[in-house]
Amino acid sequence: MPSLSAVLLLLLSAYVTLELCHRVRHRESDERNAWLMAAAVALVCGLGGGQVLRLAAQPMPEGLGFDPGLVISAMLATLVLCVAALNWSFRPTSGWIPLLGGAAMLGLATQIVQTLMWSAAGASVLADGSMLRLASGWALSSLGFAAALLIFLPLREGHALRQLPRQLGAATAATLGVLACQSLGLGVAELSMAAGGQDPGAIANGTLGVVATLGGGGLLLLMLLASALEGRLRNPLASARSRTREDGFRDGLTRLPSRSTFEGTLSQALQQADAHHRSAVLLHIALDGFKHVNDNFGHDAGDAVLKIAAQRLSALAAPYRLARLGGDEFLMLFDGEDAARQAKGLSTRILESIAQPCQVAGRELCITTSIGMAVYPQHGAMSALVSHATIATRASKAAGGAIYSVFDTRMVDDVRDQAELLRDLRMALSLGQLELYYQPKIHAPSAQVNAAEALLRWHHPKRGMISPTVFIPLAEHNGLIMALGAWVIDEACRQARVWRDQGMRMRVAINLSAHQLRQSDLPAHISAALAKHQINPDLLTCEITESVAMEDTEATMRFFSDLAAAGVHISIDDFGAGYSSLAYLRKLPATELKIDRSFVLDLEHSEEARKIAEAVVQLALALNMKVVAEGVETDAQYQILRRLGCDQVQGFLFAKPMSAKALALWAMGNDGPRSIQFRESLFKATAALET
Ligand code: C2E
Ligand code: MG
Ligand code: MG
């Protein structure tokens, strides 16, 4: 009878082997080989250890020992056979041949370890009549392994508790086969042992028994533990992997299909459109001013806006017909009967839906969107459709946003034109094509000039003079505004110095772009330019448009404080057109409000415009600020503004923007449309400030 420890060791070994074989089945190359080796070692522990323990339980001659060389050979031979057998049985392609072949090899391994172990104990097992019993032993153990594999192979790697009964059943079948084989072998060995002798250098039977129980059992338990740990670690890893695979198809933030997934849908839809002689429409949807949301309210707010936009678009799109292209851009496909006409209605609904206010980071934000539409097949094949829809969106944006545009081949020319202009603009600075023009600011009560606003001009070699309203936005969107802005600051300070040296007492105003406000060292840069040209900071005014100045953000406030600390004046340009918060305006260290030209234009005919101008003057008075009216073109406008109490006026009535040289001639010759004289600054006696 086998001892309990031998049975338990075999059972444990078979169970652990099967447990590790799960990994052999489901892993790839290197990892698979490692698990295969571990499973084979587990089985060898059981087969070798079980054999030793089986022997130890027999009534043996006193002092029976094992030849260590043969023990090691037995183990190695069994290991090789087990590796080969398990490898065969657990190949990716299953079938009867691998199953039976593997089982037969495992039976052989059982028989070999047994025979060699007996030989190691000095017994001869190849005595007469033993072959039949040995062959029967091999057959029985092979049968046990075949049954074990049959029970085990349908099992999938999964929850340990759910597979426990089947795995235990399979382990029991293998154990029974091995025990039967051992029993038959034992009879053969007993016969010949009586005649065998004992090698004095051998390992004692008892010692090997202890080593087999403790070593084999311990090793098997360790393997079981390692396997369980790996399983635990692997599950989250596996779900992360499947999530990553899923992420490849979907955009992480909005969970909309990714661009690559959408391309597949698009290609299928266009094939369908071809087959049914129908058209399909691709909409390219881009949020307006999304960068502004990110810059001013943070990226979390930006993400929230994108999610809201995605939800609103999903509600209007057919399933799988919407994707996020990246950033604030989405693609929507529309096909079916009369797609081209229907898509216009859809676009209108999209514009309305996105324009609904949304709550983000405790604020109510209003975002609009621009849409570009490209129709298949009229506007190009699939490869061109996305780029043509994108070009149409650009046209929508150029027209002010919040509209849809249908692609037109002329738009490609516009894009090319813009690209050329941008290329030229990059060179404009170094080629000296930029120049500052100056428009005088007139002291309203006395009609004397006391300041000049610097306005940038670009002398394009082929296109002539280009307005800043054309190239400033281009520079802003293409990373050129910092360089242009820096040049303007330096050039205006240099010119102020020249005028000072010529005895002309004029303050100088420069315009700052919203993008420049994000440059935290701009106040320091302005101070450096003033110092370089020895201009008192009090003689420089920085004009910032109301829409930019009123962005109630920490960054804007810090920028204004730094600028004021540098000693320069701050003017809020185009005032009245935006939505100023009075509470915020009060906090701003600004010294001047410039009434927007649109109100000045309507002054003579619109009571409302007059009231607004009056209100701005009163507001400035209350906030201790000066008021400038720009765009004054008629004497009537000038008289009204004077009566209202405007401090300064500026406009074509007095002078158009002109080159610095022309301004000097104009001022000195007094040959302007009105008789102009210089007067002291509104802010301080200019002469006293000369450096
Ligand atoms: P702004 O600062 O509000 O400048 C006033 C604009 O109105 C100027 O146009 C000026 O030529 C024009 N203007 C002045 N008086 C009259 C008038 O009586 N009637 C009419 N119809 N127009 C008048 P300009 O020079 O084309 O500049 C347009 C805008 O470009 C400026 O508006 C300013 O925002 C921006 N800009 C100009 N130079 C620079 C610059 O150096 N840097 C930055 N960031 N922006 C600049
Ligand atoms: Mg201005
Ligand atoms: Mg203005």
Side-chain angles (χ1 to χ4, degrees), residues 425 428-429 433-442 449 451-459 464-495 507-519 522 525-526 529 540-549 559 569-578 590 592-604 616 627-638 641 646 648-660 662-663 672-674:
L425 185 59
L429 249 186
Q433 294 169 354
L434 295 179
E435 186 183 2
L436 280 184
Y437 268 33
Y438 296 88
Q439 186 178 30
K441 283 174 154 179
I442 316 291
V449 62
E453 177 181 3
L455 294 159
L456 194 53
R457 297 290 180 266
W458 177 14
H459 302 283
M465 174 115 69
I466 300 182
S467 158
T469 52
V470 173
F471 68 86
I472 293 274
L474 198 62
E476 285 178 339
H477 292 126
N478 294 283
L480 295 175
I481 194 66
M482 301 301 185
L484 288 197
W487 181 83
V488 168
I489 292 164
D490 191 71
E491 176 59 16
C493 290
R494 189 196 63 77
Q495 188 57 55
R507 302 180 53 73
V508 174
I510 55 168
N511 290 282
L512 294 183
S513 147
H515 291 66
Q516 284 175 278
L517 261 64
R518 287 179 211 126
Q519 193 186 346
L522 187 67
H525 179 86
I526 292 175
L540 183 74
T541 301
C542 291
E543 293 191 8
I544 298 157
T545 52
E546 182 192 20
S547 54
V548 176
F559 177 83
H569 287 269
I570 298 168
S571 171
I572 314 286
D573 207 348
D574 305 338
F575 189 79
E592 181 181 289
L593 291 183
K594 274 185 100 169
I595 305 177
D596 190 59
R597 191 155 64 89
S598 57
F599 301 112
V600 175
L601 192 71
D602 294 343
L603 267 185
E604 292 167 68
V616 175
V627 188
V628 183
E630 61 180 341
V632 183
E633 292 184 355
T634 67
D635 196 56
Q637 291 168 349
Y638 170 48
L641 290 162
C646 245
Q648 252 181 348
V649 280
Q650 186 184 7
F652 293 174
L653 173 68
F654 308 97
K656 287 191 171 177
M658 57 188 104
S659 68
L663 180 74
R674 300 180 59 84

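Atoms within each ligand, like the ligands themselves, are counted from 1 in listed order. Only a predicted model underlies this, so the values are computations on that prediction, with no experimental measurement involved. The basis for the numbers below is simple: all heavy atoms, side chains too, and nothing from hydrogens, waters or symmetry mates.
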(message) Looking only at N, O or S atoms, which one in Asp573 sits nearest to the Mg ion (ligand 3)?
(response) OD1
(message) Give me the residue, atom name and distance of the protein heavy atom closest to atom 34 (O) of ligand 1.
(response) Asn511 OD1, 4.4 Å
(message) Within ligand 1, which atoms have a heavy atom of Val632 less than 4.0 Å away?
(response) 18 (O)
(message) Under a 4.0 angstrom heavy-atom cut-off, which atoms of ligand 1 come close to Ser467?
(response) 26 (O)
(request) Note the single closest protein heavy atom to atom 29 (C) of ligand 1, along with its residue, its atom name and the distance in Å. (result) Thr469 CG2, 4.2 Å
(message) Under 4.0 Å from atom 12 (C) of ligand 1, can you find at least one protein heavy atom?
(response) no
(message) Below 4.0 Å, non-hydrogen atoms only: which portion of Glu453 touches ligand 1? Side chain, backbone, both or neither.
(response) side chain
(request) Among all protein heavy atoms, pick out the one at the shortest distance from atom 21 (N) of ligand 1; state its residue, atom name and that distance to 0.1 Å. (result) Arg597 NH1, 2.7 Å
(request) With heavy atoms only and a cut-off of under 4.0 Å, state how Ile472 meets ligand 1: side chain, backbone, both or neither. (result) side chain
(request) Measure the distance from atom 15 (N) of ligand 1 to every protein heavy atom, then report the residue, atom name and distance (to 0.1 Å) of the closest one. (result) Gln439 NE2, 2.9 Å
(message) Report whether any nitrogen, oxygen or sulfur of Thr545 sits less than 2.8 Å from the Mg ion (ligand 2) (N, O or S, backbone or side chain).
(response) no
(request) Ignoring hydrogens and angles, tell me if any N or O in the side chain of Glu592 forms a donor-acceptor pair with the backbone of Ile572 under 3.5 Å. (result) no
(message) Between Ser571 (side chain only) and Asp573 (backbone N and O only), is there a donor and an acceptor less than 3.5 Å apart?
(response) no
(message) Tell me whether Glu630 is salt-bridged to Lys594, with the criterion being a basic N under 4.0 Å from an acidic carboxylate O.
(response) yes
(request) Check the angle between the aromatic planes of Trp458 and Phe471 and answer parallel, tilted or perpendicular using the 30° and 60° thresholds. (result) perpendicular
(message) For ligand 1, which is the ligand I care about here, please tell me if Asp573 has any N or O atom under 3.5 Å from one of the ligand's N or O atoms.
(response) yes
(request) Between Gln650 and ligand 1, find which residue part has any heavy-atom pair under 4.0 Å and reply side chain, backbone, both or neither. (result) neither
(request) Taking only heavy atoms of Val488 into account, list the atoms of ligand 1 that are under 4.0 Å away from them. (result) 41 (O)
(request) Report the nearest protein non-hydrogen atom to atom 18 (O) of ligand 1: residue, atom name, distance rounded to 0.1 Å. (result) Phe652 N, 2.8 Å
(request) Heavy-atom contacts with Gly651 under 4.0 Å: which atoms of ligand 1 show up? List them by number with element. (result) 15 (N), 18 (O)
(request) Run the numbers for me: atoms of ligand 1, each under 4.0 Å from some heavy atom of Asp574, listed by number. (result) 3 (O)
(message) Students should be able to answer this: which protein heavy-atom is nearest to atom 19 (N) of ligand 1, and at what distance?
(response) Glu633 OE2, 2.5 Å
(message) Tell me whether atom 6 (C) of ligand 1 lies less than 4.0 Å from at least one protein heavy-atom position.
(response) no
(message) Only N/O/S atoms count here: what is the atom of Glu453 closest to the Mg ion (ligand 2) called?
(response) OE2
(message) Give me the residue, atom name and distance of the protein heavy atom closest to atom 31 (C) of ligand 1.
(response) Leu455 CD2, 4.1 Å
(request) Confirm or rule out an N/O/S atom of Glu543, from backbone or side chain, lying less than 2.8 Å from the Mg ion (ligand 3). (result) no
(message) Quick check on contacts: which atoms of ligand 1 are under 4.0 angstrom from a heavy atom of Leu512?
(response) 44 (N)
(message) What I want to find out is whether Glu543 reaches Lys441 closely enough, with some N-O distance under 4.0 Å, to be called a salt bridge.
(response) yes
(request) Give the numbers and elements of all ligand 1 atoms closer than 4.0 Å to a heavy atom of Glu630. (result) 3 (O), 5 (C)
(message) Return the closest protein heavy atom for atom 38 (N) of ligand 1 as residue, atom name and distance.
(response) Leu456 N, 3.0 Å
(request) Only heavy atoms count here, so choose which of Ala454, Pro468, Pro473, Pro657 is nearest to atom 35 (C) of ligand 1. (result) Pro468
(request) Under 4.0 Å from a heavy atom of Ser513: give me the atoms of ligand 1 that qualify, with their elements. (result) 44 (N)
(message) Any protein heavy atom at under 4.0 Å, with atom 9 (O) of ligand 1 as the reference point?
(response) no
